> 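Quick one: the structure is below, questions incoming.
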Amino acid sequence: MSEARALEDAPLRRRDPREAQITWLEAAITQLREQPTQSEQTVEELTDFCGQAVARLAAQHEEVVRLREATAEESKVRRLPTP
């Protein structure tokens, strides 16, 4: 009968604050372990983005140079000063 009594009293017992702290700390540890992985992924994404941006700027620069050379042959178009 003592087992039945223990089951009846189980909901009435308070949770040990140490158990709650252990659970919280385990969750914090898991989150801290995931942060470096997330940071590495973010750095990779930003590096890819930067590479794409530089490639686009290079393509635009080549197009500007090509257009300047094409207009240099015509006398009716004024060329903008180069930086």
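Both backbone and side-chain heavy atoms feed into the values below; hydrogens, waters and symmetry mates do not. For clarity, every value in this text was computed on a predicted model and none was experimentally measured.
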> Heavy-atom count check: over 12 atoms from other residues, nucleotides or ligands less than 6.0 Å from Q21 CD?
no
> How long is the straight-line distance from CD of Q41 back to CG of L46, given to the nearest 0.5 Å?
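The CG atom of L46 sits 10.5 Å away from the CD atom of Q41.
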> How long is the gap from CD on Q31 to CD1 on I29, to the nearest 0.5 Å?
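Taking CD in Q31 and CD1 in I29, the distance rounds to 11.5 Å.
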> Nearest 0.5 angstrom please: E40 CD to T47 OG1, how far?
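Interatomic distance, E40 CD to T47 OG1, rounded to 0.5 Å: 11.5 Å.
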> Between E63 and R66 (salt bridge meaning N to carboxylate O under 4.0 Å), is one present in this structure?
yes
